[in-house]
Structures are given as C-alpha cells and as structure tokens.
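Scroll down for the structure; my scribbles are underneath it.
Labels below follow one simple rule: chain letters A, B, ... track the order of the sequence lines, proteins then strands, and each chain is numbered from 1.
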2 protein chains.
Amino acid sequence: MNEIKTTDAEIEIAGTGTLGKAMAVLEAVVTAGSPQRFTDIVQSIGQPRGTVHRLLSHLVEEGLLVQGRDLSYEPGLRLLKLAYRSWSGNRFRDIAEPHLLRLHELTGETVHLGVLRETEIIYVDKVESRQTVRMSSQIGKASPAYCTGIGKAALSSLPQPELERIAARMRFHPFTAHTHRSAAALLAEIDEIRREGHAFDREEHEAEICCVAAPIAIPEHDLVAGVSVTGPAYRVNMAQLAAWAEVVRGAAGKIEEEVRMRLGPGRNGR
Amino acid sequence: MNEIKTTDAEIEIAGTGTLGKAMAVLEAVVTAGSPQRFTDIVQSIGQPRGTVHRLLSHLVEEGLLVQGRDLSYEPGLRLLKLAYRSWSGNRFRDIAEPHLLRLHELTGETVHLGVLRETEIIYVDKVESRQTVRMSSQIGKASPAYCTGIGKAALSSLPQPELERIAARMRFHPFTAHTHRSAAALLAEIDEIRREGHAFDREEHEAEICCVAAPIAIPEHDLVAGVSVTGPAYRVNMAQLAAWAEVVRGAAGKIEEEVRMRLGPGRNGR
DNA sequence: AAACATAGTTCCATATAATGGAACTTCCAT
DNA sequence: ATGGAAGTTCCATTATATGGAACTATGTTT
C-alpha cells in the first residue's frame, strides 16, 4: 500500500504518512478549480474509496474543504486565513516592499516579487501598474521558472549542480512561440544571464507580456528570489526594458543587502 | 492521550486524528507571526516532544512550513499557493466582483466582501479606496463578527437560535470605546439591524474607521456573507454612511440574486 | 577546560488509528 | 418497479503514530 503512483494524471503521495495523503487530497480539490465530486477525487488520488472518504471528512471538519449540498467538495476559508497570516507576517516581503514601491515609481509599470520553490516561482508581492485590469493580487500564484523573468533570474543565482538538478525536473510546456523547449536552451540563456546580471522575459510565458528581472539570493537563509518590472509589449519594447535593467538590479541589490542586515546571519555565521 | 487541553494559551485539537494534530501545529506556527522554535511549539501544543517533532518534519517535508538555519519554523510558500488557487477559483467572489467595483465607483470609498465563519468574518475581496495607504490586500484576514459592519450584517441574517449559539461563543474584546461588551448588547443591535436591513460600524473595531454594510444570505448554499463601504471618520460621517445604506443594500441584493441564478438551487431544491 | 544547562533529535516497544475490501444505503433514470 | 451509479458505513487486519527515555549538540557559567 501507499505506493507512489506515477501515472501522469495522478498526484504523487510523499512519504509523510497520513498528512501526505490528506494534502494530496486537498491539492487535488484545490487544483481542479471547480467543485469535485467524491468519485472524481477517488480517481485523481488512486486510493481506496473508504480511505479517501475518511480523509475528506477530516479535511471538511478542519475547515480546509467545504462540502456543498450537492455533496461536491470545494476549498474552505481556512486556507485563506492561514495564507493571510503567513503573508502578512513574512519578513522578506515586508523588507522588500518599499523597494518595490520605489521601482514602481521609477518605471510606472507593474512590479513583482517572487520566490523560487523547486521548478516554480511563487509570487509573494506585487505593485500594480494601475488599478485598471483586474483589481487584485496574483499573490500566491505559481508560474514555471523557465519562462518567467524572475524565474530565470532566480535560477541564475544557483550553483551549477543545483541548477542542473532542478532543470532536469522541468517539463517544458510551450506557452508561446518564444518559450524555451529544452533544458539545454534554458541553461544556455542562464549562462548569459549570469554574465549580464539580469534576465528578460520576451513573451515567453504570455504573448504580449515582457519583463526584465534581477536575482535576489541569500544563501544563508536558503532564499532564492527575484524582482521584475513587467509591461505589455506594445508599450514596453526591449530597448525600454534594457534601460530599466540597471534600476531593477539596483533594487534587487538593496533588498538583498537589507535582508542580510535585518535578518542577520544564518547558523554558524555561514 | 490526545486529551483536549482547555488551558487558555493552548490550541485545541479536534477529533480529526493525525490531521487535526498536524493542523494544530501549523496553526500554532502561523498564528505566532514570528519564527517559532521547537520548544515554543511544544509548549503551545501541549503534546509530547517526540510527537511534535515528527509532525514538524512532515509539515516541512510537505512545504507547509520551512525551517531556517537557526532551526526555527516559519510558514511555507505552499500555503500561499494553495490559497491563491482557492481564491481565484472561488465562484462567489467572482460573481460579486463587478458589483463591488460598481459600489466603489458610486461611493469612492473602500469596498469589502466578507464571509461569516463561526464567530469571525473572513474577507474574501476588497476594492481599495486609492492605492495610497498600503498596496495590498487584507484578503484572508479574519476579524471578529461582533464589531465589524459585515459581521453584524451577516449575523442578522441568521435564524435566532443559530445567532444565539454563535453569540454565546464570542469573547467580547473591547477594541475601542464603542465596541460591544456583551452578547446582550450585540443581540439588541442585531434586532435593529434586521429591521433596517443594514449595519453600521461606528468605530467599534478600529478608532476612526466607520462603515455601512448589508447582508448576503444564501441558505441553500450555507453562505452567510456581507458587503460594506468603509471610510475614515473624518471624511465619512454617519449621515454620509446612512445615505449610502441603500446602494449597499442594493448591491447585496443583486449579488444574492445573481449567485442564486448562477449557482443554481442546492440539493433537493431546498 | 570542565561542568552544567538548555535545546533539539533519535529510538523503539506499545497502543492507537488508518486501512481497504465489502456490504449497505441513497438517489436517479428508465 | 428495476437497474445502476454514487456515496457512505462497517470492521477485522495491519501499518502507523505515539511518547517516554536515552542521546547528541550547542551554549553558558565557574
């Protein structure tokens, strides 16, 4: 029992016992994006019905899921509450915020702060270009590292073996005509990014969206992140982005420095 | 073992077995708001060290917590990621959004959407008055129901027995001079709110902050929520709030109607 | 430096809680 | 009515969580 299923559609279950299974169920429901019925969940998890049923009851009792009158399961509010408290108490985000605001004032475009987690970038803060498009945050959104400016910048600050280990786990989905299609192509660009100190996203993730990003690396806190300035291609051409590269690098450097100062050295002063 | 500890400082552990304990540990770390050391956590949980230690390892392995070099524990990014997907896939929020924007245009002040969960209101969406003060969301923030406009509005739409059950569980913390100090006082105001159809927050939660709110109740989906328009007391006096009451009630009504239409009837057409 | 104190980690026999196959109930369609 | 699909409950079996205690690492005092 408890084998790791490797079928594509199924979610992997880690070696964290009961908690791992419960999280796999939670993830399955949350990822689906629409209310999931019992049978759907059983299928995506590949665990016996009795087990899945009990896990679901526990998740509902904990407020992590809610069950509607049609018996389908949806994410519960407790997740939002937990995330809010994590976010608002996050010292890295807190330290970076004024620098993001300054970067926004300088450029007038949207500024993002993202942290690398395995092969993904998770956005932890954002300053909107205007309130126009959509009102609210993409905070918590996860995007692949290989096709985003922050992602590539963050990757460029990793030691080569670590970078290669992570690159090997990526699945290169071709979002646009410009998306990297292989680890080799990505690694080649990373070399260049290391020399330049900044990365571009040339409509690699979304058509018509470009950005310039710089890495923030604080190895003594296991933190690999990045800042970026993003804009629509029609308004922000490559020359403009290149011109902003320096202030973006500057902001990244200042954030790095301030985090070092305020968070202190890690264990053993390493 | 597994007794429910009732000491004030300790976190209660539900009857959800291993998951319940793991969530109690997670909650303890997240709630603390600062990195928690092993011993801190053991104390706030009141479970044996061996057990807590293993739970922590599993939570770290799952990405729900991260452990710094000084061995302290902090919330991990996986929480943000899960919450983002829950939030962006939330149909109630999605349906309500245009109505919130319209309300913001009409009033020019900050508009909130919140859902009642036991004795608390959890904010699920927000339209900022300006981008001035702080850039980002209080989405996911939990506030007590008895001292917020949305909270009182939402409570007013509950059947009396349910209301009384919930009111009995509240602890009336006196945030300001105007905060209700007892269930009796709250229940009396709820009576009035039921007659009027809207609720005010007269600086009851935060000094200098007022609001007017209206309830959104969709019993067939177990949804009790509210919308509000909030402003600083110096700019928004009671007369102004009273004048907005009607549009707020209107927005709440339209949201209610549209949710009923698009989410369909619950089970048994109840 | 030695002795002490404190914090974190590992171990393992035991008890408890998770497991999962199967029986059962409910709901819906024909 | 009848058949079938979806959801729920049951319970003997087994795996997993438990937690007291021993252990290791770190840091403080004399």
Length of the line joining [X]:[atom1] and [N]:[atom2], which is rounded to integer Å:
X: A:E61; N: D:dT8; atom1: CD; atom2: P; value: 15 Å
X: A:R37; N: C:dC28; atom1: CZ; atom2: P; value: 11 Å
X: B:I41; N: C:dG8; atom1: CD1; atom2: P; value: 9 Å
X: B:R54; N: C:dC11; atom1: CZ; atom2: P; value: 14 Å
X: B:Q36; N: C:dA7; atom1: CD; atom2: C1'; value: 15 Å
X: B:D40; N: C:dT6; atom1: CG; atom2: C1'; value: 13 Å
X: B:L55; N: D:dG19; atom1: CG; atom2: P; value: 10 Å
X: B:Q43; N: C:dT6; atom1: CD; atom2: C1'; value: 12 Å

- Item | B:E62/A:T16 under side chain to side chain donor-acceptor pair (under 3.5 Å): CA gap, chis, key distance, verdict | CA-CA 8 Å; B:E62 286 292 331; A:T16 47; 2.5 Å; yes
- Item | End-to-end axis angle, where each axis spans five pairs of the helix from C:dA1-D:dT30 to C:dT30-D:dA1, to 10° | 40°
Can you tell me if [X] touches the phosphate of [N], counting only side-chain N or O atoms and a distance under 4.0 Å to OP1 or OP2?
X: A:K21; N: C:dT19; value: yes
X: B:Q47; N: D:dT18; value: no
X: B:T39; N: C:dT6; value: no

- Residues two or more places apart in sequence or in another chain: which of them pass side chain to side chain donor-acceptor pair (under 3.5 Å) with B:S72? B:D70
- Task: May I ask you to test the A:I216-A:L113 pair for a side-chain heavy-atom distance under 4.5 Å?
- Result: yes
- Carboxylate-amine/guanidinium contact B:R69 A:E220, below 4.0 Å: no
- Any Lys/Arg nitrogen of B:E162 or B:R165 sitting under 4.0 Å from an Asp/Glu carboxylate oxygen of the other? yes
- Task: Looking at every strand, decide which applies to B:T51 at a 4.0 Å heavy-atom threshold: base, sugar-phosphate, or nothing.
- Result: base
- The residue, A:R49 or A:T18, whose nearest nucleotide of DNA chain C is more 5′ is A:T18
- Item | A:L71 side, atom CG; A:Q36 side, atom CD - distance, nearest 0.5 Å | 14.0 Å
- Closest of D:dG19, C:dG20, C:dT10 to the B:H53 side chain is C:dT10
- Measure from the side-chain heavy atoms of A:Q67 and tell me the nearest of C:dA7, D:dT8, C:dT9. D:dT8
- Message: Would you say A:Q67 and A:Y73 are linked by a side-chain donor-acceptor pair, where the criterion is simply a distance under 3.5 Å?
- Response: yes
- Query: Relative to the 5' end of DNA chain D, which residue comes earlier, B:P48 or A:F38, by the nucleotide with the nearest heavy atom?
  - Reply: A:F38
